[in-house]
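Lettering of chains follows the sequences in order, A, B, ..., and the numbering in each one begins at 1.
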Amino acid sequence: MSSPTSTPVGSKRSRDDIPVTPSSDGLASPPSQRRRGQDSSNGDLPAMPTSPATDIASPAVHDTSLFSSPRRSVLPSEVDMSSPLMYGTPSSRLEGTPRSGVRGTPVRQRPDLGSARKAPQVDLHTDADGAVASEQAAGQKLVIWGTDVNVGTCKEKFQRFLQRFIDPTSNEDENAGLDLNEPLYMQKLEEISVIGDPVLNVNCSHVQSFDADLYRQLISYPQEVIPTFDMAVNELFFERFPDSILEHQIQVRPYNALKTRNMRSLNPEDIDQMITISGMVIRTSQLIPEMQEAFFQCQVCAFSTRVEVDRGRIAEPAVCRNCNTTHSLALIHNRSAFSDKQMIKVQESPDDMPAGQTPHTTIVYAHNDLVDKVQPGDRINITGELMRVHHCNLTLDGKQKMTVVITKLISTTGIYRAVPMRENPRQSTVKSVYKTHIDVIHFRKTDEKRLHGLDEDSDQKLFTEERVQTLKELAAKPDVYERLSSALAPSIYEQEDIKKGILLQLFGGTRKDFSQTGRGNFRAEVNILLCGDPGTSKSQLLQYVFNLVPRGQYTSGKGSSAVGLTAYVMKDPETKQLVLQTGALVLSDNGICCIDEFDKMSDSTRSVLHEVMEQQTISIAKAGIICQLNARTSVLAAANPVESQWNPKKTTIENIQLPHTLLSRFDLIFLMLDPQDEAYDRRLAHHLVALYYQSEEQIEEEFLDMAVLKDYIAYARTYINPRLNEEASQALIEAYVDMRKIGSGRGMVSAYPRQLESLIRLAEAHAKVRFSDKVETVDVEEAKRLHREALKQSATDPRTGFVDISILTTGMSATARKRKEEVAQALKKMIQSRGKTPAMKYQQLFDDLRGQSKAAITKDMFEEALRALADEDYLTVTGKTVRLL
Amino acid sequence: MRMWFVCRFCCPAAQSNSNPEWEAKVLEYFKGQLKEKESHSWVPSLNDVPLHYLKPNSLVKFRCLVQDMFDPEFYMGVYETVDPSTKANVLRCGKYKDVTECGVDLNSRNTVTAERQTFYCVPIPGESPWAKEISFLSAARVVPSTSYVPSRQKRSYEEDDDMDTQPQKQREPHTGGGTKWCHRQETEAPSSQTTAPSDCSSHLDLNFPLPGERGPACLVKVYEGLDSFKLNDTLEIYGILSVNPVLTVLGEEKDPSLLLLNPTESMETPEEQRAHDPPASLVPRLHMLYARPLQHNNPLLPSAPTEDQSAFVSSFLVEMASVRAELLAYLTHVLLGDGLAAEYLLLHLISNVYTRRDVLPLGKFTLNLSGCPLNSYTERLYQIVQQLVPCSYRLSMSLHTMNSMRLVPKKDYVANRLVSGALQLARNTSLFLDETQLEQGQLDSSGVRNITALGNLISWQKVDYDFSYHQMEFPCNINVLVTSEGRSLLPSDCQVPLQPQVTPPNMEEYLTTIHMAQFTSQINKFRVYLSLARTLDYSISDEVTKAVEDDFVDMRKDDPQSVTAEDLHRMLVVASITCSSNGWMRAKHIDMLRRSRTEQQKSLNGNEP
């Protein structure tokens, strides 16, 4: 019927045709009934009355006398078809045009777009007539007043976009399950027809790549263009799926306007534009009912009339059209139509703020079904229009004061608005400040995925072409690995391998998801433990890492509790509801959690780390809330030795007194020890002197900028997902077999599958450093080297000087275990040699054993031996006596 | 007289001229005028002159700290009014103004929307009384309004109380100087309301970082260079004062029935309105023309880096060494004859975070004076420090204060403002932590948070402001001095056990006598020295670098445990503060003395860690 190519004239004709269809539909659902019966938020559109076609189309309305065009009574001139206003308020045409295909699906009002522009229209009645004449002559050139948007062409373009747009490279999760080689949005329409949720989300970047001009129009004149899109999509939809029944007509919700803005960069030019900003919700108001249509009833003859709220103002009819009594109409609240509205305060997200300033906040209005979509604490992307609203007062009938709101649209994926402060009636001056807010068209939670765990970094940073180029150039350098590691915490001297380890941790391995095949997730994060003497700048390293990564958390083992690390349930002071507050580990999901003074942590706190460090989840069962949260965080921990000074005669476990179950979850354990060597001292002194006396410029020459490093890591984490190639896999297998071999020669286990996994992660991270999609042998070599280095430091048995992984995995070196057995055997032999003595004195036995043994035997060793024998059911120890069994 | 000209100049210009160039010209003119030497003397200061003596729409200055930054606002940069009688349309300028003229045509196409931002500024927290006094006295008598005659007002009871705690000598310039209503601003922080609670301020929290502060808070409207300002900057702002009563009336009457239809009404909570639109009579508005960042707030020193200053510096450098020696002697007396502690205290007072390498602040020098005598010695010590530095605050670390006081600023989302805390201080403020006040008991969770915040401040020179959903790190530059009985529970760069050489029977008398012995001119020299020495740069020659390396290697050769990298850090800081060619030798020497003293202390009472 209304072909997509129809000119304005054509569309006018199509409206003239409308009476036929709706009147036949009228039998099924009389418009009058719809009007009264349906939920008020469906409230009939502003638009409705302005189109003569619809007036004719709904004679039933007139018959029942329940409804009459308020505009006609109030501003009759506006009904004039030749008025440019028709084109100026496409929102008002929503209903009229696609009626034929739409088959009476009610239109839902879009308060997010606000009502039509006012000032220009009112001002320009006179010259508009002339304009119309010329416009009609020009035919196709007819545009919406104040814009260069031609409704017909715009609609046609958008329909073409919907029908043809294919995005084979799409990897958005919401497109999951769609055939990427078919037109994307047609599939979505099909989805709508099945599911019946009449909202079509349109990615603006798709529009841009398809038709840059259309995109420009959408950004600049969202208030006009979006309703046109609505029309287009509804025509198309009902043509395709004539039998589907929707709650209301489809609404187009554009998102991801490429002009994604930092809240700080919003400026007066953005008013009336469509923008997308990201931020964090800090406050939501209660639901505010906003009047859309006022219902007036005559006190004399009970004649009723409806008046649409026009830019916040209700024009009270002065005269009853039925009985001609003046000032007889009264507002009936219960029969007026309201829509939902919610005020939301959004604060700049801490990531994109300049240092030293406070975050900005913006007020955002959500309408209808977007109400209550977000909660305080959510990080969201908002698309909206920036609005500016002027307020002044108007006296209606001398008694009743009402407020006039003049709207001027600015724009976002929402709409940005500004309002001057309310004028005081007694004052002649106005505060010259506007209030601004954004009307939301689309919300997109950026941390939603954290709960579902589908995607990598959701808040992807956008990199400019040049930046990517610089990063790639850097990546191409052969010594990029060394460069980056030396750029890490330049103020900390040397410790090359530790820095390299932390660098690999920052990049992380490739995330692998085998949950579909039932094998679950594999940890991609690298965990590192630093232990060593106090004052070896461990804390400084942690602080540096914490400052470097966007989602870092810094806690100290001393002050944190288990709940502070995981999550706790508390009563929200405002809503009085129980809410889950997330702790450091959950907050650093996809980031790094730095835990200082790891050894000072209480056992209960440490126990939660077991789950986090391997399964990467946190299970909570508290106050009726049972859930599992993702905590895919890397842990960078620092621990001090128990004796305040590292004892080289003891093993790592003995030095830091941490359970081996926890230690084995660290991929790399480094010792930061004072090397005590003259050349080192000299270099260290030189480094520190330079640190204090070098000028800014000298420093910059030497080291990579922290910002570059940040970007480099962010880029690699987002875009590089290396996979093992054949050679590398072989190399890994060999490495693992070799590691096992070393031990088997001495009768001990020197490697566990966990070590193999660590190697894979490290190799992947190293490939990421090189911006390579393939893990190659070089990566495996470096992973091996680093892993060996770390082991050499932390898992060396101080008694034999061999690397013994069982120190970390079982908490005891193989030699120690062997010796334990020997002592037990010696004790057994001694007891046996004494013949039948059912009970012995503990102290005496100990003294005897000491006297007998060649090596020194401590009390601990003796007790261990007794325990071992007790386990064999050879004897029991009760108090100070030992009995044989 | 000049000021009158300025006032008249800025008002008509703003009204009639729609030429965009004029804005730049106005700014240029003002900057030119204000550069002149005596400029500071003919512009009245909000710090010194009570608000009701200042003429609205006149040029004033304000020495302040940026306490909070509000959201940017859009205003009518240019608007059109219609004269009701003549029907003539007139274009007007909305810049530097809070309210418009009557009869605004909101539909005019000539309206230009422009952007500005509001900063909430408070007087520099912890500014020492002497600094206020001198800056007030040095300003020439400006007569901002004919009805205003500068005259000495009667001191309030509270001020008397203040004064009594100060050593006698210092009072003389006060009493001799005459006027002293720099103390007497009509607005005051709630905690100091005990003496004079006024109706207006009783419900209005002016959000001063420190309890007991007074002075006007101000909403400063900033038009240019928004990015160049940072939170906690200390500025001297020149701007147009606006106290239009309209601003006050607006927030008041509120008809709940209007809320439904008027969306803007529901945007703001009453708390937010109170915080953002306080009555102009209490919190005046200042439209900024020009702001000068203050390197220091010592009124004895020229503040701007001009030739003027360099001349001053070079003239002072001559006597620098002698002043230093005198100051050292003075501090030795104050520290009961302990010369080493005095030297460290001196170094501490002139330390300054001069740069940061990644997360490491360089130049910080937190001193822990342990073994302080009890019985209000620390309090007296603080008073002496206060006499020397322009900004200071003593935090008595009693259990009650630590548990109840808010140290870290916190964002209040209901009122949409940053509620200040005691650690929101200007750069180079001396924070005096008195740990001798600590008694037995248990810290609650807020107490633990406060201690953590102090620890972070000392270790990293940063404060993590609490934004409820996240924390935000603000770097700072605060000199922290911890006095304690034993070793402090807080980290410190340097611990010096005090070894009193004299044990005066009456501590108060002793200290007062020492103080009395100094002439004001002498004290002033000390003040200049402390502020100036902090700003001096010091570079190191290659030979010294070599010497440092050699020394370090040597020291470690004997006993690697004795000197660690941390010790080297400390000695290098000391060397750079000592600021002379033999800095390194001196640093090494005093560090050795200090270490032997701590060792000694350790062996004396074995329970010291």
Side-chain angles (χ1 to χ4, degrees), chain A residues 119 123 267-268 271 280 282-283 285 288 291 312 343 350 354 356-358 360-361 363 377 388-392 402-403 406 418-419 421-422 424 427-437 489-491 535 540 543-544 547 559 674 676 678 681-682 684-686 688-689 691-693 696 706, chain B residues 68-69 71-76 79 94 97-102 104 106-107 113-115 227 230-231 246 249-250 258 260-264 266-267 355 357-360 362 413 416 418 448 452 460 467 469-470 472 474 539-540 545 548-549 552-553 556-557 560 564-566 568-569 572 576:
Chain A
D123 277 350
N267 63 41
I271 294 185
M280 189 161 61
I282 51 167
R283 247 181 107 73
S285 76
I288 307 163
M291 191 181 278
M343 186 202 74
Q357 303 208 342
T358 55
H360 289 174
T361 54
I363 291 168
R388 184 177 50 186
V389 189
H390 298 255
H391 273 216
C392 53
M402 288 242 175
T403 310
I406 307 155
V419 199
M421 304 292 267
R422 198 160 50 85
N424 189 305
Q427 301 279 337
S428 54
T429 48
V430 190
K431 251 178 130 174
S432 61
V433 180
Y434 297 97
K435 290 266 155 187
T436 54
H437 69 264
S491 64
Q540 205 183 321
Q543 274 284 341
Y544 182 86
N547 277 291
D674 214 331
Q676 303 178 2
E678 189 180 321
D681 290 347
R682 185 168 295 278
L684 175 66
H686 187 82
L688 288 184
V689 174
L691 188 70
Y692 276 89
Y693 294 104
E696 236 17 271
M706 192 160 159
Chain B
D68 194 4
M69 295 164 134
D71 294 331
E73 58 188 25
F74 292 171
Y75 68 99
M76 290 184 257
Y79 60 94
K97 289 189 162 187
D98 282 313
V99 291
T100 59
E101 307 283 321
C102 52
V104 181
L106 292 172
N107 296 329
T113 311
E115 191 180 1
D227 294 337
K230 290 204 160 78
L231 199 73
V246 179
V249 185
L250 274 176
L258 281 175
L260 202 66
L261 282 169
N262 191 341
T264 52
S266 56
M267 278 188 203
T355 184
R357 294 272 183 266
D358 40 78
V359 290
L360 192 73
L362 296 184
Y413 285 111
N416 195 15
L418 189 65
V448 172
T452 316
W460 310 109
F467 280 79
Y469 303 101
H470 60 98
M472 205 137 61
F474 284 88
S539 61
I540 195 167
T545 313
V548 172
E549 285 168 28
F552 185 65
V553 173
R556 284 182 58 95
K557 216 182 265 167
T564 62
E566 223 177 333
L568 184 57
H569 265 288
L572 283 168
S576 70

Worksheet item: Does B:L360 reach the side chain of A:Q540, with side-chain heavy atoms less than 4.5 Å apart?
Response: yes
Response to the item:
Looking only at heavy atoms, the pair that brings A:Q357 and B:M472 closest together is O-CE, 3.9 Å
Worksheet item: Do any N or O atoms from the side chain of B:D71 and from the backbone of A:T361 form a donor-acceptor pair under 3.5 angstrom?
Response: yes
Worksheet item: Does any N or O in the side chain of A:T358 come within less than 3.5 Å of the main-chain N or O of B:D68, such that one atom is a donor and the other an acceptor?
Response: no
